[in-house]
Amino acid sequence: MKFSVSKEKLLEGLQTVQNVVSTRTTLPILSNVLVQAVDGQLRFTTSDLDVGIRAAVEAGIEKPGATTLPARRLLSIVRELPASEITVEVDSKNVASIRSGPSFFKILGLPEEEFPPLPKFENAKTFTLRQKDLRDALKKTSYAISTDETRYVLNGILFSFRDNKLTLVATDGRRLALVDIELEFPRSHEGDVIIPTKTVVELQRLLTDDGDLKLSLGENQVAFEVNGTLLVSKLIEGNYPNYRQVIPGETKERVTLERVLFHDAVHRVALLASEKSNSVKLVFTKNNLEIAANTPDVGEAHESLAIPYKGKDFSIAFNPEFLMAPLKNLSVDEVYLDLIDEMSPGVIKIQGPFLYVIMPMRIS
Amino acid sequence: MEDNFAMIWKHIADAIRPEVSGDTFQRWFKAIKLLQADEAQITLRVPNNIYQLWIETNYLGLLQSAVLKVLGSPRKIAFTIADTAEKEDESEEMLLPLKSAPRSGSTAAGKADGATAENGAGSAPAAANGMNVRNTFDSFVVGANNQFAHAAALAVAQNPAKTYNPLFVYGGVGLGKTHLMHAIGQHVAGHKKGAKVMYLSSEKFTNEFIDAIQNSKLVPFRNRYRKADVLLIDDIQFLAGKERSQEEFFHTFNTLFDGHKQIILSSDRPPSEIQNLEGRLVSRFEWGLTAELQPPDIETRVAILRKKAQLLHVKLDNSIFEFLAARIKTNVRRLEGALMRVASFASLSGRELTPDAVEHLLKDILQEEARRAVTIEQIQRKVAEHYDVRLADMTSKRRPANIAFPRQVAMYLARELTKTSLSEIGDAFGGRDHGTVLHAHRLVRGKMIEDEKVRQVVTFLDNQLNR
């Protein structure tokens, strides 16, 4: 195998796939990247057996072939190479010679046959989505994914395909984020799958604002094809909790808030939220919202926002991190905070298919 | 039983209701059913996994305080999910095995209570561990003498490895060390499913260790003990002087302790007084909680007798109980033996029992007990014998060190073991005044603290006299 490629292209291809490279050392082959030279293209594939990714870049192929090379080492070498043109030649013993200007590197690889193939998707249900829609939806939900490994079904985002809608849900038991995407698909394609966090993170890296992506659902597997890159992942097995139970039916008060102002105020006040209780108090009075926090023996903070509010006076406490997370990840100017009373969950909504349920903290 | 659970849940729910909004209550607590409740745990059935998730993350504290309010003490809260079967009757059926589980558990316990000689039947799993099923916390009579040890044991049984680790129980013969250990072991085995409870005497430990060396099977030996969740070792003082066993036990101890497993030990004396026990073991034994069992006072003795009589289904006159309690003071086991003898005599002869008859019946036991009243003369004789001085030297005016010190030891023991006054002791030692006795007492006590040898000798003499 022999090819020459620009440093820029080679870096692009390797960087796309390098995050997936396994950190587990049980299978040495998994710390390698599969490099295939075919049809004027260089293909890079990495896998940790749960998630696999394949990217392709243009290259001048002199002699087609395939090998696997240590991924992290290869990337750090390419990053440092002095010239913009790189020539790579791999012999039959999987020894790669890398030339770039005056530099010469020789690294030892492993045969391509040892690399586990990415799963095939036959008879899969396929969906076509706009990249922007999915990217947006992931941004609005992924921060609410649970990191508690004992609740593994929550360590991912629910993709629920129903009634010509794709609903994304993430929750950790204290808050829940939900986004709907309008999507046309046949009734036979309906179903629920849970996409693991690692895949969500990789997918977010791949998605851009333009173009479509193809999503394929197989048995316990999902594949995303984005801009020529293929991301394949196992699904989390199990039943996602019935999230609809969490969403309050009727709310009493709706408060309209300027997203950035509200976020920044909470952010400032939270500096004096005690580590122990970690809460900020929202006190609603006529046309005024006071945000307050205090730590015994340290101090306290207050900030007032003028808001249109005509309901009865009341106060409610939230975890400031949970309050700020959606505000940070939304892009609209105004958000609505729907409340019932100080003991019931609050709901953040926007003009559009987004919903965030947040549990209040007890005010002692 | 089921109605009972429904009632309990109603009370718990009533305690929760004012703490949450109406909507929250309707949404999360209305559909809950209490499936099972015992001293350690309550099990709630919820319609699906979102209930468990949401309640566990948001309302667990609330639920726990409601449980505490209603049941008086905290419980572990477990959830079972009624699965996806929507049909009410179907889910009802699914519950049956769940409901029968605790029931079979309680019958086993009931059988165990009534079990007499048929131990090997397998119905009483704890008996297989070498623990007597009759030795439970319920059958343990608590008095001022053992209240602390009992409370510590109960705390350990309810929360193994969380409270006092290791627990070291010591006390004289027949005061209930083994009873407490069995009670802990069986409580844990009965309440914690799958918990590995191992009970054995230190002698058995040593023997198995020797066996293991002999057959080069040390690895299985180690694995067996180091995988225990609760390890109870009785009469640990017998490890004294067995160096290899001590070392092996030291490592077992460390493995278990580091793995947060409960260790419970018993001995007839405090760790520091076990002779020929390595310092590192002594310090480890003293690491957790050391609880002493003392001889019961007369009220407790009467209570023990009554309880025992009840268990044996014998009816005896109160005067008999009081007679036995008053005459047998130091040993619960002997007390129970005496009761047993009296009861069987009564049922065999059918005669009315009078204190005189009982006195005759228990002649040997009572004599044994009577011997416990130590006299100054006995002390003098014993001490003289031990130090190889003449008995006359105890009362003589001569004061070379080799005579003066034994005399002082004898005075110390006389002060400690008899109820005679200082001046009476002084008189008994050849007309010395009370100051001399006081000085001797202080001196010996001081030396006992400073000098290990002196302490050993004095404790030895003390034990000899008390036997």
Side-chain angles (χ1 to χ4, degrees), chain A residues 144-148 150-156 158 160 169-176 178 192 194 236-253 276-277 279 314 316-319 322 338-347 357-364, chain B residues 12-33 41 43-69 74 76-88 90-91 94 193-194 260:
Chain A
I145 296 176
S146 169
T147 51
D148 179 355
T150 58
R151 297 209 164 109
Y152 65 93
V153 292
L154 301 182
N155 298 158
L158 171 72
S160 175
V169 183
T171 182
D172 62 4
R174 293 188 166 82
R175 67 293 192 33
L176 175 142
L178 176 151
D192 292 349
I194 310 167
I236 294 178
E237 285 177 46
N239 288 325
Y240 203 82
N242 174 20
Y243 60 92
R244 297 199 185 279
Q245 172 86 16
V246 172
I247 302 165
E250 242 172 69
T251 50
K252 281 213 185 91
E253 306 290 349
K276 206 165 132 241
S277 70
S279 69
F314 92 110
I316 186 165
F318 291 113
N319 177 325
F322 292 176
D338 290 353
L339 300 166
I340 303 167
D341 56 38
E342 77 272 10
M343 292 185 294
S344 300
V347 183
V357 180
I358 175 171
M359 293 301 286
M361 317 210 30
R362 306 194 137 252
I363 305 174
S364 46
Chain B
I12 297 174
D14 285 343
I16 292 170
R17 206 186 305 261
E19 302 290 323
V20 297
S21 66
D23 178 68
T24 303
F25 187 84
Q26 284 288 329
R27 198 177 282 260
W28 299 113
F29 294 99
K30 198 78 197 296
I32 292 181
K33 245 187 176 172
Q41 174 174 319
T43 306
L44 303 175
R45 186 187 63 159
V46 291
N48 59 48
N49 57 353
I50 188 75
Y51 283 83
Q52 179 177 0
L53 167 70
W54 221 254
I55 292 169
E56 272 185 352
T57 38
N58 298 295
Y59 303 112
L60 201 60
L62 188 68
L63 194 54
Q64 250 149 3
S65 61
V67 166
L68 183 67
K69 209 191 268 172
K76 194 170 171 290
I77 295 173
F79 292 88
T80 60
I81 289 160
D83 217 88
T84 40
E86 299 275 294
K87 273 192 259 161
E88 191 54 33
E90 218 167 296
S91 52
M94 298 215 11
K193 251 198 174 159
H260 298 286

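Order of the sequence lines sets the chain letters (A, B, ...), proteins ahead of strands, with each chain counted from 1. Note that the coordinates shown come from a computational prediction; the quantities given were computed from them, not determined experimentally.
- Residue A:Thr171 touches chain B through its side chain alone, counting heavy-atom pairs closer than 4.5 Å.
- In this structure, B:Asn48 contributes its side chain and A:Pro241 its backbone to no donor-acceptor pair below 3.5 Å.
- For the atom pair OG1 of B:Thr57 and CZ of A:Arg175, the computed distance is 11.5 Å after rounding to the nearest 0.5 Å.
- With chain A as the partner, the residue from B:Ile50, B:Leu62, B:Ile55 showing the most heavy-atom pairs under 4.5 Å is B:Ile50.
- Judged as a salt bridge (charged side-chain N to carboxylate O under 4.0 Å, His left out), the pairs with a partner in residues 46-63 of chain B (not counting sequence neighbours) are, in order, A:Arg151-B:Glu56.
- For a residue to count as touching a neighbouring chain, one of its non-hydrogen atoms must lie under 4.5 Å from one of that chain's; by this rule B:Ser21 touches chain A with backbone and side chain alike.
- Comparing A:Asp172, A:Ile247, A:Leu176, A:Ile340 by how many heavy-atom pairs each has under 4.5 Å with chain B, the most go to A:Ile247.
- Counting heavy atoms from C-beta outward, A:Val246 and B:Leu53 have side chains that stay 4.5 Å or more apart.
- Nearest heavy-atom pair across A:Met343 and B:Glu19 is SD-O, 2.9 Å.
- In this structure, chain A has no heavy atom under 4.5 Å from any part of B:Phe25.
- When every heavy atom of B:Thr24 is checked against every heavy atom of A:Ser344, the shortest pair comes out as OG1-OG, 4.0 Å.
- Of the atoms belonging to A:Asp341, it is side-chain heavy atoms, and not backbone ones, that fall under 4.5 Å from chain B.
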